[in-house]
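The next block holds one structure in the form of structure tokens; read it before the comments.
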Amino acid sequence: MTEKRFMAGNEAIAEAAIQAGCRFYFGYPITPQNEICEYMSMRLPEVGGTFLQAESEVAAIYMTFGAAGTGARVMTSSSSPGISLMQEGISYIAAAELPCVIVNMMRGGPGLGGIHPSQADYFQATKGGGHGDYHLLVLAPHTAQEAVNLTMLAFDLADKYRNPVMVLGDGNMGQMMEPVEFPPPAKTEFSKKEWNLDGARNRPRHLIKTLYLDPPVLEKRNLAIAHKLGEAVKNEVRFESFMVDDADVVIGAYGTVARIAKTAIKLLRENGVKAGLLRPISLYPFPYQQFAKVAESGKKILVVEMSLGQMFQDVQLAVCGKTKVNFYSRVGGVVPGYDEIVREVEKTAKESG
Amino acid sequence: MTEKRFMAGNEAIAEAAIQAGCRFYFGYPITPQNEICEYMSMRLPEVGGTFLQAESEVAAIYMTFGAAGTGARVMTSSSSPGISLMQEGISYIAAAELPCVIVNMMRGGPGLGGIHPSQADYFQATKGGGHGDYHLLVLAPHTAQEAVNLTMLAFDLADKYRNPVMVLGDGNMGQMMEPVEFPPPAKTEFSKKEWNLDGARNRPRHLIKTLYLDPPVLEKRNLAIAHKLGEAVKNEVRFESFMVDDADVVIGAYGTVARIAKTAIKLLRENGVKAGLLRPISLYPFPYQQFAKVAESGKKILVVEMSLGQMFQDVQLAVCGKTKVNFYSRVGGVVPGYDEIVREVEKTAKESG
Amino acid sequence: MEKGKVKGIYEDVIMAGFGGQGLMFIGKLLAYSAMKEGKHVTWIPSYGPEMRGGTANCTVVVSDEEIGSPLIPRPRAVIVMNNPSIEAFEPKLQSDGLLLANSSFVTRSATRKDVQATFIPANEIASRVGNEKAANMVMLGAYVACTNIVSKESINKGLEELFGAKREFLEANMLAFEEGMKFVQEKCLKTK
Amino acid sequence: MEKGKVKGIYEDVIMAGFGGQGLMFIGKLLAYSAMKEGKHVTWIPSYGPEMRGGTANCTVVVSDEEIGSPLIPRPRAVIVMNNPSIEAFEPKLQSDGLLLANSSFVTRSATRKDVQATFIPANEIASRVGNEKAANMVMLGAYVACTNIVSKESINKGLEELFGAKREFLEANMLAFEEGMKFVQEKCLKTK
Amino acid sequence: MEVVYERPKSLFPVATHYCPGCGHGIIHRLVAEVIDELEIREKTVAVAPVGCAVLLYNYLDVDCYEAAHGRAPAIATGCKRVHPDLVVFTYQGDGDFAAIGTAEAIHVAARGEKITTVFVNNAIYGMTAGQMAPTTLIGQKSTTTPAGRKPETAGFPIRMCEIVATLPGAAYVARVSVSSPKNVVQAKKAIRKAFETQMRGLGYSLVEVLSQCPTNWHMTPFESVKWVDEKMALYYPLGEFKVPKEE
Amino acid sequence: MEVVYERPKSLFPVATHYCPGCGHGIIHRLVAEVIDELEIREKTVAVAPVGCAVLLYNYLDVDCYEAAHGRAPAIATGCKRVHPDLVVFTYQGDGDFAAIGTAEAIHVAARGEKITTVFVNNAIYGMTAGQMAPTTLIGQKSTTTPAGRKPETAGFPIRMCEIVATLPGAAYVARVSVSSPKNVVQAKKAIRKAFETQMRGLGYSLVEVLSQCPTNWHMTPFESVKWVDEKMALYYPLGEFKVPKEE
Amino acid sequence: MTGKIVINEDFCKGCALCVNACPQKLLKTAKHVSKTSYHPAEFVDAEGKCTGCGLCALICPDVAIQVFRDRKAGGEKK
Amino acid sequence: MTGKIVINEDFCKGCALCVNACPQKLLKTAKHVSKTSYHPAEFVDAEGKCTGCGLCALICPDVAIQVFRDRKAGGEKK
Ligand SMILES: Cc1ncc(C[n+]2csc(CCOP(=O)(O)OP(=O)(O)O)c2C)c(N)n1
Ligand SMILES: Cc1ncc(C[n+]2csc(CCOP(=O)(O)OP(=O)(O)O)c2C)c(N)n1
Ligand code: SF4
Ligand code: SF4
Ligand code: SF4
Ligand code: SF4
Ligand code: SF4
Ligand code: SF4
Ligand SMILES: [Mg+2]
Ligand SMILES: [Mg+2]
């Protein structure tokens with residue numbers, strides 16, 4: 001194992017990208033993820049890569065499109081309003097089946113909102129904030145180390161499925177410093193793909209497009225993408241089950257909230273309340289079955305989220321009425337304390353099932 | 001009643017906006033809704049209004065923001081990729097609580113996709129394709145006449161809730177010509193609001209903003225907006241129940257698909273299959289209770305949609321496992337024929353419940 | 001919708017041909033005229049980006065009830081004005097459906113035996129009465145004669161309202177329309 | 001987390017003061033040094049747009065187990081270096097918690113009786129040993145002396161690694177740190 | 001007799017979807033000829049716009065991206081930064097380059113990105129069937145300026161060459177037209193110079209081509225080329241606005 | 001003795017959130033003085049940017065919008081089209097006006113929209129703590145050009161006045177600075193002219209103000225005003241680029 | 001006779017720009033309709049006036065014209 | 001004495017731009033710290049050299065300076 005480094009989440013994600021072979025980064029500053037930009041501007045030239053500050057998030061996502069089209073490993077990052085501006089581009093990248101990694105360090109919204117942590121872009125990330133039938137693969141780390149691991153995984157998944165992958169964090173995740181280790185450097189040469197653009201030398205020319213004026217042809221394309229995502233749904237569900245087995249109340253939470261929930265669970269168990277945590281790591285594909293199993297076993301569920309009830313809907317879809325699902329949230333940049341979660345779990349535990 | 005006019009859906013929506021007192025339109029051309037732009041460019045000068053072709057959809061939505069901030073009735077329109085570009089602005093308008101009407105005549109996606117009808121922007125419209133916790137009110141007409149009525153209603157709802165309202169149609173809806181009547185002209189003078197900007201003459205200045213750097217304050221704002229939307233959820237659910245009472249199979253469909261379903265239902269009933277239609281007119285708020293009631297009465301449900309399963313999720317949420325929900329879709333600009341719907345309903349009817 | 005399955009007044013038709021042949025217009029005219037008679041109508045075009053030389057079509061439904069589907073997978077009638085259109089739409093016709101082809105452009109005959117096919121030299125007829133461009137009106141005349149879905153008078157009025165004043169132009173069009181009616185009244189059996 | 005509820009090694013602390021007082025730095029130093037001792041650590045700043053004159057704070061957690069919440073609603077210890085900070089964080093302290101205040105800036109005394117308050121004239125002490133800017137290190141010394149959560153040697157090494165070579169600068173800082181330790185060792189009881 | 005002119009090799013032998021007389025066809029051909037002459041077919045990447053020329057890749061036998069409306073320069077930038085040795089160009093209409101894509105257009109030039117833009121100014125939105133473009137002339141009718149463009153409400157037409165030429169990152173900037181054989185020859189020279197500027201690594205190069213859209217101008221092809229000469233070229237003077245210093 | 005200078009009435013009597021020495025404070029004051037002098041407080045609408053001046057409305061006692069980053073000109077357009085009698089201005093930083101908002105900036109001028117822009121060029125992204133701006137000078141360090149801006153990778157700084165002046169819709173275009181009392185006087189004159197241009201209905205008016213950001217330039221306020229004079233004003237020459245013809 | 005041209009009717013859309021461009025007036029719009037339903041351009045050079053100057057090809061938007069020239073008569077292939 | 005200034009310490013952030021701007025060198029940075037924790041500017045004009053020229057106020061980013069002038073001595077209020 002390599003030495004531990006003490007890094008902020010934003011820096012850890014940036015370094016992880018580089019370790020994963022990312023040599024191209026296009027982005028536009030926005031709090032609370034500026035450190036990703038800044039780290040990349042410092043580090044990429046050192047490894048022979050290119051950092052380019054785009055004129056806007058719209059330009060950044062299409063520069064990412066352009067670089068992705070060559071088959072290179074490429075990343076962009078932003079925070080909520082900037083990610084909204086990328087929605088058209090994200091839809092295009094998904095439609096063109098180009099691999100790339102997009103980081104959203106969510107902040108309070110809507111509008112300019114605030115700069116503090118939020119999880120209110122869940123729908124946008126998982127259901128598709130852009131137009132048309134597509135999905136991002138979405139990974140939500142809850143520690144800096146996991147941010148490293150998932151960022152590296154994100155590049156592999158992007159290549160595997162030729163689909164954009166989002167790493168979804170929040171202001172907290174980006175600013176917090178923790179020890180992180182980097183797995184041994186991945187290979188940095190990636191085999192030429194059969195579709196990438198680099199000049200039609202000794203081969204028929206390649207074409208990256210998303211327009212299919214004939215509806216039946218477009219329908220086929222849509223279904224092919226859906227099929228591919230279906231594979232991801234089968235293979236790429238990731239979650240953590242934390243003290244769920246004997247739990248009476250299972251907290252559903254991801255990212256920052258999930259790690260706060262872990263503290264709450266320790267405290268609750270000291271108070272004699274058997275609490276556990278089911279933590280989606282992949283938000284798309286969502287661990288529906290795992291939640292369904294929890295529901296079937298008769299445990300109560302409390303979803304805690306920094307939004308007014310977004311992942312909550314996916315949990316409800318999973319649970320399908322089989323158990324009661326309570327909901328607790330703080331929004332607008334307020335992070336729920338473990339004391340609040342303790343209180344809510346206790347309430348849930350006391351409710352008649 | 002006024003005389004019937006023979007108009008395309010796009011023109012009908014444009015004229016309805018004018019009848020509703022809309023005097024400002026900002027937009028950018030995109031098929032299949034260009035006729036809205038074009039009609040407005042011709043008609044607005046006639047009624048002393050302003051048509052302005054923006055340099056982009058991003059500019060268009062912020063011009064709309066600007067005009068809405070004065071309290072004027074204002075509209076913009078686009079189709080899928082253009083609406084994606086508006087996501088940041090839509091989030092801002094919702095956050096600033098400004099009333100305006102946004103029309104999306106959906107086309108096949110993702111990416112550039114195609115120009116034929118689609119319903120694949122349902123998630124974007126109803127869940128929030130922009131960042132943060134907000135919702136549009138979303139109305140989905142299924143005839144040109146209904147497009148007129150709902151467009152006029154949209155302006156009233158926008159004012160009532162100080163929230164952007166989306167009229168969600170598709171290429172078909174926009175291009176199809178039908179007879180329409182216009183209800184007697186609404187008033188065209190709107191009382192000054194307590195919040196609008198028109199120069200701080202003899203009053204304290206007004207301010208339209210969305211930034212709240214202090215999380216507890218932003219949280220309060222978020223909750224206030226949520227509360228307001230809660231009122232809309234209570235008051236503004238709209239749906240049509242078509243031959244549902246004695247039906248064995250109820251089709252869930254909206255917009256273009258719903259009217260095709262009506263033909264299918266006629267044919268099915270002639271074949272002795274008791275089919276009905278529950279047609280959401282407001283997609284947000286969604287008629288969850290109405291679907292729940294159908295489910296509870298033991299009827300089977302078939303959702304037919306021009307997407308890979310978007311409204312389908314809302315129906316599942318409503319039904320909550322109480323009955324089986326089947327799904328049939330055509331995508332990429334292909335419109336399901338009534339013959340296909342007949343076939344699918346018959347299949348559903350035969351399935352063991 | 002399937003013939004026989006619907007009570008009351010109901011007709012649907014798909015009209016197809018080259019971009020400039022005026023099919024969109026006769027579709028609108030038909031729907032408009034029927035609307036003026038108090039009927040429910042829909043008109044829906046195929047649409048695409050501005051590309052020349054393609055084949056365009058539109059679908060008209062006329063009914064005395066509210067119209068469900070404006071799109072007709074299996075039409076009761078088709079009017080085809082070029083070869084690609086007969087290829088595309090003859091197979092879709094219902095059994096016993098009406099196939100009206102402009103034989104000035106359509107160079108093959110009908111392949112199906114279960115449809116009522118009529119070939120009309122619409123351009124020649126239109127030229128004969130003074131304006132080749134009114135071939136579309138010949139076809140509409142033929143269609144109206146076969147279906148009786150709208151009166152000649154309504155078409156006449158509709159033409160005037162949609163076109164405005166150009167008297168001579170109107171006349172040429174009405175003449176063509178009548179020639180189309182006559183042509184089928186002589187050649188084919190009325191279907192209704 | 002609540003004292004007594006956690007087994008093993010565990011400490012959390014919030015450090016707060018004006019922007020330029022170096023609180024972010026001592027927080028990082030503490031966490032870094034503890035990390036080097038093999039402990040789990042988190043450091044999290046309050047963050048905001050670049051606006052001068054505000055009060056900044058950070059939270060450090062050190063533990064021998066994986067750390068859940070990096071945010072601490074009711075901290076075990078607070079280091080406050082100005083008046084707004086004592087207002088903000090004294091009420092949040094746990095019962096029996098550690099309040100370390102820089103009396104060079106904090107002009108009021110503790111209001112709570114259930115906490116262990118120590119007032120340290122950190123700027124004076126730092127000036128005395130040669131560098132007023134090292135007042136933050138005095139406070140850190142005091143904290144480390146009270147909690148023993150990390151060794152003096154680790155802090156020393158951490159300082160070197162974070163700062164690099166500037167020898168004299170390091171010395172002034174270590175001196176200040178030691179003075180801070182000494183101050184509390186004389187004045188207050190160790191809590192552990 | 002010998003063949004003195006035939007279809008360039010980089011152009012697929014297929015009919016285009018353009019309207020009769022449309023300038024796009026000529027411009028496509030010129031680009032293909034330049035690619036052939038410079039022998040760069042195997043190292044050229046084209047970025048197609050959203051506009052009538054969206055199907056550019058159906059005609060040009062090189063690696064191609066289809067961009068989003070206005071974003072071709074950003075995509076080209078992403079590509080060129082990965083492969084500095086490639087010859088990357090964008091082909092864009094006036095809506096694409098001078099309306100929705102204004103920011104990308106200005107900044108690709110400001111950055112001195114080593115790419116080339118062939119900017120087809122036909123003073124109209126062709127693909128969406130005739131709305132006003134940012135380059136529509138004062139008084140010109142379009143479907144969104146049915147009474148003719150009025151500057152009081154719809155503003156003034158925008159001259160992209162003049163703007164881009166102010167930017168230090170732009171190395172070659174020229175405006176040409178394809179309204180006559182003579183102008184076509186000039187146009188080809190400019191396109192060639194633009195590609196050469198890129199290949200010499202001198203910075204960004206832009207060729208604006210005034211191009212006829214007979215369909216949406218509601219003119220015959222011949223009327224439309226006359227209109228280019230008599231109306232458009234008055235407001236959009238032809239010529240070179242910036243040329244690289246010779247080594 | 002008589003008061004010869006005091007706080008303008010349109011400025012709320014509150015302390016600002018700006019860093020010591022920041023140019024924004026001076027520019028706010030000048031705008032307020034002009035509003036007072038022209039007696040238009042009750043018919044002025046300000047559109048605040050996203051940038052350090054996002055809280056402009058905490059200081060200026062007029063009707064205000066807070067825009068999204070770069071979109072102030074679009075919002076101002078929407079407002080002005082509804083109320084042509086109001087005096088509408090945008091206040092924007094260099095990231096806001098010359099990066100993300102480039103298209104809106106160019107087109108508000110191209111349209112000749114009767115609004116005014118006060119464009120505060122501090123060659124840096126202030127609010128987000130020091131990243132490169134489109135106007136960052138060659139060689140200037142920022143958090144995203146840690147080794148100084150290199151034109152080969154990060155392109156060249158952009159001169160907005162020069163660009164906007166090429167557009168017929170722009171009626172008044174000037175560049176000023178607030179680096180010395182003398183320059184402050186000039187700056188105020190320009191801002192006043194810009195507002196007057198709008199009130200006379202002549203078209204779009206733009207005043208670019210070179211402004212110090214001591215914090216992100218890592219300078220004392222005094223060093224920073226010297227840097228404006230000695231470095232910035234070389235690349236961004238002060239002066240009037242376009243003035244309306246006198247009636 | 002120093003030159004001649006061949007028009008590819010599959011490509012020609014009958015825009016007539018070549019007709020206007022030919023200095024020798026050797027081109028006209030045909031009466032017949034091509035497969036693609038345009039009236040294509042027609043090269044009529046009974047007197048062998050075509051110089052192979054290529055102006056028609058230069059202006060042709062549909063790359064429908066191939067130009068031939070007599071080696072001795074014309075210049076280099078350019 | 002023809003002029004004087006009053007500095008509002010609540011607004012002053014001690015940037016010292018006024019200090020550099022005063023032609024009479026009448027301003028300096030104070031030793032003390034203001035409520036807002038800056039070292040504010042201080043007006044020291046023992047000899048009454050202030051002309052009320054207002055240059056200090058012109059450059060002050062925080063509108064912290066009020067300027068007075070003797071009516072007879074100075075010009076019009078501008
Ligand atoms: C985001 C977005 N907005 C709008 C459109 C619709 N659209 C397609 S092409 C076009 C403009 C075409 O005009 P131009 O760029 O001048 O090209 P031309 O067709 O004239 O060659 C527009 C507005 C789109 N596809 N995407
Ligand atoms: C869409 C979007 N992108 C990015 C940001 C983050 N952001 C806020 S201000 C700013 C730039 C500020 O720089 P400038 O416009 O030069 O103003 P200054 O602070 O220098 O006065 C940025 C990038 C944002 N709020 N929204
Ligand atoms: S619409 Fe205009 S630009 Fe488009 S292909 Fe036709 S002539 Fe050319
Ligand atoms: S960061 Fe710069 S621009 Fe922003 S307030 Fe501070 S000095 Fe002014
Ligand atoms: S080559 Fe010259 S002379 Fe011959 S047909 Fe063409 S234009 Fe006429
Ligand atoms: S220019 Fe070309 S396309 Fe046009 S008529 Fe002549 S040969 Fe045909
Ligand atoms: S008014 Fe003039 S002389 Fe008086 S203090 Fe200010 S700058 Fe100095
Ligand atoms: S210029 Fe103003 S803020 Fe700066 S020191 Fe002088 S009085 Fe204080
Ligand atoms: Mg164009
Ligand atoms: Mg700036």
Side-chain angles (χ1 to χ4, degrees), chain E residues 1-33 36-37 52-53 59-60 120 122 177-189 209 211-215 219-226 228-229, chain G residues 1-25 27-30 33-41 43 45 48 50-78:
Chain E
M1 281 197 287
E2 201 182 4
V3 175
V4 289
Y5 185 79
E6 64 184 343
R7 198 173 184 85
K9 296 217 169 41
S10 303
L11 214 56
F12 289 122
V14 295
T16 69
H17 70 288
Y18 298 113
C19 312
C22 173
H24 278 302
I26 307 178
I27 303 163
H28 284 22
R29 192 189 76 216
L30 298 182
V31 170
E33 289 176 8
D36 284 359
E37 290 174 15
C52 276
Y59 313 123
L60 219 52
V120 179
N122 60 8
S177 89
V178 289
S179 58
S180 68
K182 201 179 109 233
N183 285 336
V184 170
V185 171
Q186 288 304 318
K188 181 167 162 192
K189 276 191 196 147
V209 188
S211 175
Q212 58 276 12
C213 174
T215 301
M219 294 179 189
T220 66
F222 185 60
E223 286 165 355
S224 73
V225 292
K226 279 204 305 196
V228 168
D229 289 342
Chain G
M1 174 176 166
T2 54
K4 73 163 192 182
I5 66 165
V6 174
I7 297 172
N8 184 337
E9 274 205 12
D10 290 349
F11 289 170
C12 173
K13 295 190 189 120
C15 71
L17 288 177
C18 57
V19 174
N20 285 295
C22 175
Q24 311 295 331
K25 307 273 170 234
L27 288 150
K28 62 186 182 77
T29 298
V33 167
S34 69
K35 268 192 288 181
T36 50
S37 72
Y38 294 109
H39 295 279
F43 177 58
D45 188 15
C50 175
T51 61
C53 68
L55 295 182
C56 52
L58 269 173
I59 199 73
C60 175
D62 288 283
V63 207
I65 302 179
Q66 208 181 5
V67 185
F68 296 83
R69 194 160 46 203
D70 212 329
R71 192 180 233 138
K72 303 130 213 167
E76 294 294 277
K77 184 175 173 181
K78 51 172 178 180

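Here the structure is a predicted model, which is why all the values come from computation and not from measurement. Letters A, B, ... are given to chains in the order of the sequence lines, protein chains preceding strands, and every chain is numbered from 1. The analysis underlying the following values was restricted to heavy atoms, covering all of them including side chains, and did not include hydrogens, waters or symmetry mates.
A donor-acceptor pair under 3.5 Å is formed between the side chain of G:Lys13 and the backbone N or O of E:Thr16. The main-chain N or O of E:Val3 is never found under 3.5 Å from a side-chain atom of G:Arg69 such that the two would form a donor-acceptor pair. Proximity of a side-chain donor or acceptor of E:Arg7 to a complementary backbone N or O of G:Gln66 within less than 3.5 Å is not detected.
Residue E:Ser179 touches chain G through its backbone alone, counting heavy-atom pairs closer than 4.5 Å. Contact of G:Ile65 with chain E is made through the backbone alone, with heavy-atom distances under 4.5 Å. The contact between E:Val225 and chain G is made entirely by side chain atoms (from C-beta outward), counting heavy-atom distances below 4.5 Å. With a threshold of 4.5 angstrom between heavy atoms, E:Leu11 approaches chain G through side-chain atoms but not through N, CA, C or O. Looking at E:Ser180, the atoms closer than 4.5 Å to chain G (heavy atoms on both sides) all sit in the backbone: N, CA, C or O. Interface residue G:Asp62: backbone and side-chain heavy atoms are both found under 4.5 Å from chain E. Using a 4.5 Å cut-off between heavy atoms, G:Leu17 contacts chain E through its side chain alone, with no backbone atom that close. Using a 4.5 Å cut-off between heavy atoms, G:Ala16 makes no contact with chain E at all.
For the residue pair E:Gly21 and G:Cys15, the shortest heavy atom distance occurs at N-CB, 3.2 Å. When all heavy atoms of G:Ala21 and E:Pro181 are compared, the pair lying nearest together is CB-CG, 4.0 Å.
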Practice task
Mind running side-chain contact (heavy atoms from CB on, under 4.5 Å) on G:Val63 and E:Glu33 for me, showing each step along the way?
Solution key: CA-CA 11 Å; G:Val63 207; E:Glu33 289 176 8; over 6 Å; no

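For the set E:Thr220, E:Ile27, E:Asn183, E:Val184, the entry with the most heavy-atom pairs within less than 4.5 Å of chain G is E:Val184. Chain G forms the most heavy-atom pairs under 4.5 Å with one residue out of E:Pro13, E:Pro8, E:Ala32, and that residue is E:Pro13.
The line from CG of E:Leu30 to CG of G:Leu58 is 8.0 Å long, rounded to the nearest 0.5 Å. Expressed to the nearest 0.5 Å, how far OH of E:Tyr5 lies from CG of G:Leu55 amounts to 13.0 Å. How far CE of E:Met1 is from SG of G:Cys50: 7.5 Å, rounded to the nearest 0.5 Å.
Within the 4.5 Å cutoff, the side chain of E:Pro20 has heavy atoms near those of the G:Tyr38 side chain.
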